[in-house]
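Before any comments, here is the structure.
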Amino acid sequence: MTVVQQLIERSNRLGADPTTTNYAGGNTSVKGSETDPVTGQPVDLIWVKGSGGDLGTLTEKGLAVLRLDRMRALVDVYPGVEREDEMVAAFDFCLHGKGGAAPSIDTAMHGLVEADHVDHLHPDAGIAIATAADGEALTKEIFGDRVLWVPWRRPGFQLGLDIAAVKAANPQAIGVILGGHGITAWGATSEECERNSLDIIRTAQAYIDSRATPEPFGPLRPGFEPLPEDERRARAAALAPVIRGLASTDRRQVGHFTDSDVVLDFLSREKLAHLAVLGTSCPDHFLRTKVAPLVLDLPATAPLDEVIARLAELHAAYREDYRAYYERHAGPDSPAMRGADPAIVLVPGVGMFSFGANKQTARVAGEFYVNAINVMRGAEAISTYAPIAESEKFRIEYWALEEAKLQRMPKPKPLATRIAFVTGGGSGIGKAIAHRLAAEGACVVVADRDAGSAAAVAAALGSADVAVPVTVDVTDADAVAAAVEAAALAFGGVDLVVNNAGLSISKPLLETTEADWDLQHDVMAKGSFLVARAAAKAMIAQGMGGDVVYISSKNGVFAGPNNVAYGAAKADQAHQVRLLAAELGEHGIKVNGVNPDGVVRGSGIFAGGWGAQRAAVYGVPEEELGKFYAQRTLLKREVLPEHVAAAVFALTGGDLTHTTGLHIPVDAGVAAAFLR
């Protein structure tokens, strides 16, 4: 196995445990030799995890590869700590070969240390020692001279020099505790390096466990205990859209909800407010979570309306405090304030709401705050939690290098941060709509009465960070409400609803039964009403506007043969569009419709018997029905589910911001169905 393969496997193992290092945090490296293709001579190289990579999923493409001699020669031109940021650009001149990841700020830490293998990690136990008020003394007590203390310094070239100097002066040492930050370990082999990393982490955790006070976060605070699970999650679903709206004041966010035992215990303790305001310490933590969370100060059983009112007050105060924090530390060259909304909102008895520009970012922010809770617990168990100074947090949060990294991020897709709820999403037109909205950046809730179909479509779209399935009968008001609540718990709320669920039974008037009539009106007319009502409630709570799109039909306008129940239900849907557009406009919610026709291939309705029925009405073979429909249109083109999905995106993708109450025909041109 090559040294690079050893590095990848070690990194993946270390990155698989969130208590060892957080997502996209930490870095690993290996030094070795290869033949220089130019000179044919051996050349010493270092392979180090590049900027923005994740240890748990690291591949060779995520490594930066540098010539070791050139990287170490930078010591001779280092201009000092005041200009150390310049060294990051200098790393580019040390790269070996094409491709590979961009070198990270921690490259010097790995390259300057005289060891073939180096790990830099952010373990909860290690950071607990690093953030303890007497962390240096604890390090000596716990490790003796095997692990040394390095005082807090912002990541960069000078920190690499500091660690290298400690390593050189202490040949017996296996690593260091970095004040306020994490750990760095090394070894002559990959196995030794990994063993030393885990030795530091496990020794620190064992010390914490052996000395821990019974209640490091203080006693339980009466009234702040966790609510019973059903009650807790119902309240979380009710609060999620409200909190998401507050957290999206500066820019729209996606949400994530966590009610793990770790979180609920922290929220129930006397020290919650004191520790929360101190904020996180590890740079990777507070870059994701901001320097401190917003904490609700009401009991778990406080009335919902009081909670909502108090959250609004606390949010306004949080924004003022954040602006004051920015103004206290900003200099003439500081980047502009990026936003004053919280990334973490803590609600005692209920759980934690975390936010980000996409679901993964929101989820990871929550995971990082769980890491921070573990750090605070460990530090308080053996000492006093003492994170790095606020001024140092600002230096990192508004670091020019961090700003440059943000500016390099790709432009968001049109529906990024939008949460879509698609009924009938398990097949046919709904499936095509779900795929299109996800491709355009939306988080998608695939709602269908067929659980297997919904799950299959959601899985095809990606992980739960992209799509989740919900099983729902749209004719059941309670089931619809529960499905919208599931969307709120999954992503924070709902922004874009597509009323697509439907069916059709083709019969002449005298053969149409009451059951035929009721079923079609229940699913399409009543079902659309129930979904729109539940979704509008969430949208209004968010205060960010939204979109409701009805997949109606050409038959809502055109009087086709033998479909009185279906046509009447579709006409009902079509008028709901106009009625709701008039009513919801004051909330910034647009309501529009799409009128398809002749969608045979890929259509769930046609596959369910409607195709055979319509083919019989028109006297054509069922397999020729699509072509038959196409030939009767002005454009002579067959309509596919993807064409309907394109119309939904056109209505919701950001260009038609001033359009509501509109029906778009997607029928290849049926003159008799022209709107007038």
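Each residue takes its place number in the sequence, starting with 1.
- Listed by first and then second residue, the salt bridge (Lys or Arg N to Asp or Glu O under 4.0 Å) pairs that reach into residues 374-388 are Lys271-Glu380, sequence neighbours excluded.
- With hydrogens and angles left out, the side-chain atoms of Thr28 and Ser11 include a donor and acceptor closer than 3.5 Å.
- Judged by distance alone, the side chain of Thr423 and the main-chain N or O of Val498 form a donor-acceptor pair under 3.5 Å.
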Begin from the C-alpha positions of His587 and Met539 and carry the test side chain to side chain contact (heavy atoms under 4.5 Å, CB included) through to its verdict. CA-CA 8 Å; His587 301 290; Met539 291 180 189; over 6 Å; no
Verify salt bridge (Lys or Arg N to Asp or Glu O under 4.0 Å) between Arg211 and Glu141, making sure each step is shown before the conclusion. CA-CA 12 Å; Arg211 303 295 180 92; Glu141 178 182 341; 3.3 Å; yes
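- Listed by chain and number, the residues in a salt bridge (charged side-chain N to carboxylate O under 4.0 Å, His left out) with Arg323 amount to none (sequence neighbours excluded).
- The salt bridge (Lys or Arg N to Asp or Glu O under 4.0 Å) contacts involving residues 349-369 comprise Arg363-Glu367, Arg363-Asp465, where partners must be two or more places apart or lie in separate chains.
- Listed by chain and residue number, Thr249, Asp250, His315, Arg319 satisfy the side chain to side chain contact (heavy atoms under 4.5 Å, CB included) test with Asp341 (two or more places apart in sequence, or in another chain).
- The residue from Val295, Leu267, Ile243 that alone fulfils the side chain to side chain contact (heavy atoms under 4.5 Å, CB included) condition with Val347 is Ile243.
- Under the rule for a salt bridge (charged side-chain N to carboxylate O under 4.0 Å, His left out), the partners of Arg310 that lie at least two apart in sequence or sit in another chain are Asp297, Glu313.
- Not counting sequence neighbours, the partners of His181 by the ring-ring contact (aromatic ring centres under 6.0 Å, His included) test are His120, His122.
- Applying the ring-ring contact (aromatic ring centres under 6.0 Å, His included) criterion to Tyr326, with sequence neighbours excluded, gives Phe394, Tyr398.
- With sequence neighbours excluded, no residue forms a ring-ring contact (aromatic ring centres under 6.0 Å, His included) with Phe355.
- Side-chain atoms of Pro342 and Phe353, non-hydrogen and from C-beta on, never get closer than 4.5 Å to each other.
- Within a 6.0 Å radius of CG in Asp305, more than 12 heavy atoms belonging to other residues, nucleotides or ligands are found.
- Side-chain atoms of Leu55 and Leu121, non-hydrogen and from C-beta on, do get closer than 4.5 Å to each other.
- Contacts of Phe421 classified as ring-ring contact (aromatic ring centres under 6.0 Å, His included), with partners at least two apart in sequence or in another chain: none.
- Between Tyr207 and Leu138 the shortest side-chain heavy-atom distance falls below 4.5 Å.
- Counting only residues at least two apart or on different chains, the ring pair (Phe, Tyr, Trp, His ring centres under 6.0 Å) pairs with a member in residues 264-310 are Phe217-Phe266, His285-Phe368.
- Taking the side chain as every heavy atom from C-beta outward, Asp85 and Arg154 approach each other to under 4.5 Å.
- The existence of a salt bridge linking Asp284 and Arg288 is excluded, since no basic side-chain nitrogen approaches an acidic carboxylate oxygen closer than 4.0 Å.
- The salt bridge (Lys or Arg N to Asp or Glu O under 4.0 Å) contacts involving residues 234-246 comprise Arg244-Asp495, where partners must be two or more places apart or lie in separate chains.
- Sorted by first and then second residue, the salt bridge (Lys or Arg N to Asp or Glu O under 4.0 Å) pairs with a member in residues 324-333 read Arg328-Glu390; sequence neighbours excluded.
- At least one side-chain heavy atom of Tyr369 sits less than 4.5 Å from a side-chain heavy atom of Leu346.
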